[in-house]
Amino acid sequence: MAVDKYLAADTDMHAWLQTAGLSEADTGRALRAAQDSGEALSSVVRRLGFLSDTAIAQSLAIASALPCILAESFAAQDPVNGIVSPEFLMANKACIADADDSHVLLAIADPASADIVDSIELAIGKPVTLALAPLADIEAALARYFGAAAGHTNPDNDHHGVDDADAEHLRDLASEAPVVRLVNDLFKQALAHRASDIHIEPYRDHLRIRLRVDGVLHDQDAPRAALTQLVVSRIKIIAGLDIAERRRPQDGRARISIAGTPLDLRIATTPSAHGESVVIRLLEDRDSEVDLHSLGLSDRDETLLRTRLSAPFGLILVVGPTGGGKTTTLAGAISTLNTPHQKVISIEDPVEYQIDGVTQIAVQPAIGLTFANALRSVLRQDPDVIVVGELRDRETAEIAVNAALTGHLVLATLHANTAAGAPARLIDMGVDPSLLRSTLRLILSQRLIRLLCQNCREKAKGTWHHKGCDQCADTGYLGRKGLFESIDLTPALLEMIQPDLSALEFERAARESGCLSLSDDGQAKVKAGLTDADEIWRVLGERVGSKA
């Protein structure tokens, strides 16, 4: 049987993808991936999760002028009683769906597999009729016909040591449409709930999946425990991690598109007692500039920050824990400084806000582009303002402080529990206290608190409380804003920055000079009805209350 007409249908793959409904961007990505990997284009589209198995089969059927059949069209038992080996059929993503005295119906997942027709006709002695079918339906039929001989392994059997053959088979299973769809649905669910992180945690008899929404974890429906390794392997494939390595932690990154939304993923795996635990940080492309006024700063703190941002040089620090909103505050500051008269360069890990007019550099430690190395390069670019995503080490901190000393305005984040603890933290890192006295202008400390849902909040005894409704997923909270404290470095406070600086004494002096605390800001936000005392307690571990 001549099959050229079916193979020819595979030549205009761009038109097929467009017919199938893919966007121009996803079409280009799929074509490039197929060219780079050598995979069949339909396999690439399936692996990337752009189309379901059924959509792939139906669109290919139209493109190749072949009929499309689904699971109900397959015979209950092997129609040719094992004449064609399951290994041959599996390798070609094909299955004999039905047969009678006059012909055989061969289901294929891709028109490129049509070249096996002659071999099957020769083996069976009957003409072959072709049809397109979803790959999942083909594999289900093969498993029903041949059982273990079809080459499937039991995902319940989890092994700590994985050889190359097992790893490759695991990769194949994790790239199949059901697993791809399951993981893609997880990302869609996270987007719909505005989640910042996905936690995947295996236990002895179940898999737990939680989403971090507005800083708090919430349980989600999870697939059965038997699919744990396939889900984890799928995520590893997306991140380019080693799926055969289950004994050591791994870190990776990926960029994907879910429902038309580009996402940057930061993925960390770690071995646990019952499998690998995975945490995925979701970072959406954010192109809009951040307005400082929208962050939740008090009038006093916002005025102080704007004043210090207008200075020609000096060091401004934003401190707080991971996930405290420091990057968003820096983005707001950058937007304020982003004028035609100033050159602003930022060094970030990763770039979360795309700000037109700002030169943004993403660090890449794997190729030696660290914060310190990038900062050295930036100083040769004649910047007016330098933004450093994080002062992680002595080298980066010293370069940043010296840049602030030589006529640059430097903004940076630092991990410290309080604003008052930041100078002592830098001194512990090895920064010369005399340089800090000459450069440090403002320290802003922050946390993120959940806002009361305006649809269901309740007022009792003069104070607003959370309740819960459909709009806020019964949490009583919807959205977040910052909780801030700031220390304006007066001459008296700067004189205290000595090698033996005590953070407690420095904080006491700051309060005496009029600086308000995080708790003070929390009290004000409770009084304004933006949040409640329970949320302040959750974030700060301090009780506040207010009578309206």
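Values below: every heavy atom of this structure, side chains too, minus hydrogens, waters and symmetry copies. In this text the structure is predicted, and so the values were computed from the model without any measurement.
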I'd like to know if D349 and R253 make a salt bridge, using a cut-off of under 4.0 Å between side-chain N and carboxylate O. yes
Report yes or no: does E302 contribute a side-chain atom to a donor-acceptor pair with the main-chain N or O of L292 at less than 3.5 Å? no
Apply the test side chain to side chain contact (heavy atoms under 4.5 Å, CB included) to residues I237 and I243: give CA-CA distance (whole Å), side-chain angles for both, the deciding distance (0.1 Å), then the verdict. CA-CA 7 Å; I237 290 170; I243 66 171; 4.0 Å; yes
On a heavy-atom basis, the closest approach of L442 and S486 is CD1-CB, 4.2 Å
With Q446, which of D301, T329, T328 fulfils side-chain hydrogen bond (donor to acceptor under 3.5 Å, both in side chains)? T329
Quick check: do I280 and F187 have side-chain heavy atoms less than 4.5 Å from each other? yes
Would you indicate whether the side-chain heavy atoms of L414 and M429 approach each other to under 4.5 Å? yes
Below 4.0 angstrom, N of the basic side chain to O of the carboxylate: do R300 and D520 qualify? no
What is the distance from atom CD1 of I235 to atom CD1 of I267, rounded to the nearest 0.5 Å? 6.5 Å
Tell me whether T396 contacts the main-chain N or O of D393 through its side chain, where contact means a donor paired with an acceptor under 3.5 Å. no
Any side-chain to backbone donor/acceptor pair from N373 onto L369? Under 3.5 Å, distance only. no
Does atom NE2 of H293 have more than 12 heavy-atom neighbours, drawn from other residues, nucleotides or ligands, at distances under 6.0 Å? no
Rounded to the nearest 0.5 Å, how far apart are CG of L337 and CZ of R306? 10.0 Å
Where V363 and T370 come nearest, the two heavy atoms and their spacing: CG1-C, 4.1 Å
Do E485 side-chain atoms and S517 backbone N/O form a donor-acceptor pair below 3.5 Å? no
Crowded around K467 NZ? As in, over 12 foreign heavy atoms under 6.0 Å? no
N338 side chain to D356 main-chain N or O, any donor-acceptor pair under 3.5 Å? yes
R194 and L478: side chain to side chain contact (heavy atoms under 4.5 Å, CB included), yes or no, with the steps? CA-CA 10 Å; R194 303 175 296 105; L478 188 62; 3.4 Å; yes
Taking NZ, NE, NH1 and NH2 as the nitrogens, is one of them in K236 or E276 under 4.0 Å from a carboxylate oxygen of the other? yes
Residues in salt bridge (charged side-chain N to carboxylate O under 4.0 Å, His left out) with D219, at least two apart? R208
For L440, which of I316, L317, I487 qualifies under side chain to side chain contact (heavy atoms under 4.5 Å, CB included)? L317
Quick one: closest heavy-atom pair of D251 and A268, and the distance? OD1-CB, 3.3 Å
State plainly whether the residues R511 and E507 are in salt-bridge range, i.e. N to O under 4.0 Å. yes
Nearest 0.5 angstrom please: L315 CG to T439 OG1, how far? 5.0 Å
Would you say D197's side chain and R212's backbone share a donor-acceptor pair under 3.5 angstrom? no
Any donor and acceptor pair, going by atom type alone, linking the side chain of S438 with main-chain N or O of S434 inside 3.5 Å? yes
Tightest non-hydrogen contact, residues S277 and P202, listed as CA-CD, 3.9 Å
Measuring only between side-chain heavy atoms, which start at C-beta, is L489 closer than 4.5 Å to R441? no
Pairwise distance CD1(I427) to CG(L436) - rounded to 0.5 angstrom: 6.0 Å
By side chain to side chain contact (heavy atoms under 4.5 Å, CB included), which residues pair with D534, not counting sequence neighbours? H466, Y477, D532, R543
Tell me if a side-chain donor or acceptor on S346 pairs with a main-chain N or O of V387 at a distance below 3.5 Å. no
At what distance, to the nearest 0.5 angstrom, does CG of L451 lie from CG of L448? 9.5 Å
Is the closest basic N to carboxylate O distance between E535 and R538 below 4.0 Å? yes
K326 side-chain N/O to G389 backbone N/O, donor-acceptor pair under 3.5 Å: no
Tell me if a side-chain donor or acceptor on Q360 pairs with a main-chain N or O of I355 at a distance below 3.5 Å. yes
Provide the closest heavy-atom pair for I536 versus G522 in the form atom of the first, atom of the second, distance. CD1-CA, 3.7 Å
Intermediate values then yes/no, side chain to side chain contact (heavy atoms under 4.5 Å, CB included), L282 and L191: CA-CA 9 Å; L282 308 174; L191 274 176; 5.7 Å; no
For A533 and V526, which heavy atoms make the closest approach, and how far apart are they? N-CG2, 4.0 Å
Using the rule given for salt bridge (Lys or Arg N to Asp or Glu O under 4.0 Å), can you reason through K525 versus D521, listing the C-alpha separation, both sets of side-chain angles and the distance that settles it, and then say yes or no? CA-CA 6 Å; K525 287 181 166 62; D521 195 30; 2.9 Å; yes
Interatomic distance, Q189 atom CD to L211 atom CG [nearest 0.5 angstrom]: 5.5 Å
Hey, mind stepping through K459 and W464 against side chain to side chain contact (heavy atoms under 4.5 Å, CB included) and telling me if it holds? CA-CA 4 Å; K459 196 172 187 179; W464 290 102; 3.7 Å; yes
Is the closest basic N to carboxylate O distance between E245 and R247 below 4.0 Å? yes
Under a 4.5 Å cut-off applied to non-hydrogen side-chain atoms, are L207 and I200 in contact? yes
Can you confirm whether more than 12 heavy atoms, excluding those of D428, are under 6.0 Å from its CG atom? yes
